[in-house]
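So the structure is just underneath, and the comments pick up after that.
Counting starts at 1 for both ligands and their atoms, following the listed order. All values below come from the heavy atoms of this structure, side chains included, with hydrogens, waters and symmetry mates left out.
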Amino acid sequence: MLGLLSKEVITREPTVAVVDPFICTGCWNCVNVCPFGAPEKSEITMTIDRQKVTRPVSKINEAKCEGCGLCVATCPGNCIDQRGFSDDQVFAEIGGYLERVRAARNGG
Ligand code: SF4
Ligand code: SF4
């Protein structure tokens, strides 16, 4: 850990989650489900019909994201991508994880 902190630049895994702010509805499912507190409540201001509109959107703190994929699976609007993974790959990862949990609970 000390070795990591002494580095000037810390390189993160490239599988962090990214929100598309143009389709995020600000439901906060991702904020509530993330075990690492990476999605943060934020806002975006855009111009629609020459009117400035500000609305809530989620923003992922990349320094906190561990790339687990839970937010991708729970976003109702499919607004989150995980860099380096397609949606199918994310769901396959989660499915595999759930299988391992089930097997462990059943003693195997
Ligand atoms: S991928 Fe996992 S760690 Fe990253 S923001 Fe989503 S739920 Fe949190
Ligand atoms: S779950 Fe999806 S729609 Fe809801 S706040 Fe997060 S990114 Fe936006």
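Taken from OG1 in T15 to CG in D81, the straight-line distance is 12.5 Å, to the nearest 0.5 Å. Here OG1 of T74 is found 9.0 Å from CG of N32. Values are rounded to the nearest 0.5 Å. Taken from CZ in F36 to CG in N61, the straight-line distance is 13.0 Å, to the nearest 0.5 Å.
Taking 4.5 Å as the limit, some side-chain heavy atom of M46 sits within range of a side-chain heavy atom of I48. Contact annotation: the side chain of S42 never approaches that of S58 to less than 4.5 Å [non-hydrogen atoms, C-beta and beyond].
Among all protein heavy atoms, the one lying closest to atom 5 (S) of ligand 2 is W28 N, 3.3 Å. The shortest contact between atom 2 (Fe) of ligand 2 and any protein heavy atom is with C75 SG, 2.3 Å. At the top of the distance list for atom 8 (Fe) of ligand 2, counting protein heavy atoms only, stands C24 SG, 2.3 Å. When hydrogens are left out, the protein atom nearest atom 4 (Fe) of ligand 2 is C27 SG, 2.3 Å; that is the closest non-hydrogen contact.
Alongside V31, the hydrophobic cluster contains W28 (criterion: ILVMFWY side chains under 4.5 Å).
Placement of I23 and V53 in two distinct hydrophobic clusters is found when ILVMFWY residues are connected by side-chain heavy-atom separations under 4.5 Å, directly or transitively. Under the 4.5 Å side-chain heavy-atom criterion for grouping Ile, Leu, Val, Met, Phe, Trp and Tyr, V72 is connected to V19 within one hydrophobic cluster.
Within ligand 2, the atoms closer than 4.0 Å to a non-hydrogen atom of G26 are 5 (S), 8 (Fe), numbered from 1 in the order shown. Residue T25 has at least one heavy-atom neighbour below 4.0 Å for each of these atoms of ligand 2: 3 (S), 8 (Fe). Interface atoms of ligand 2 facing S58, defined by a heavy-atom separation under 4.0 Å, are 5 (S), 6 (Fe).
At least one donor-acceptor pair closer than 3.5 Å links the side chain of R55 to the backbone N or O of C24.
Ionic pairing of R83 and E62 is present here: one or more N-O contacts between side-chain nitrogen and carboxylate oxygen are shorter than 4.0 angstrom.
G77 does not count as a contact of ligand 2, since none of its heavy atoms falls under 4.0 Å from the ligand.
Excluding waters, the set of protein N, O or S atoms lying under 2.8 Å from atom 6 (Fe) of ligand 1 comprises C71 SG.
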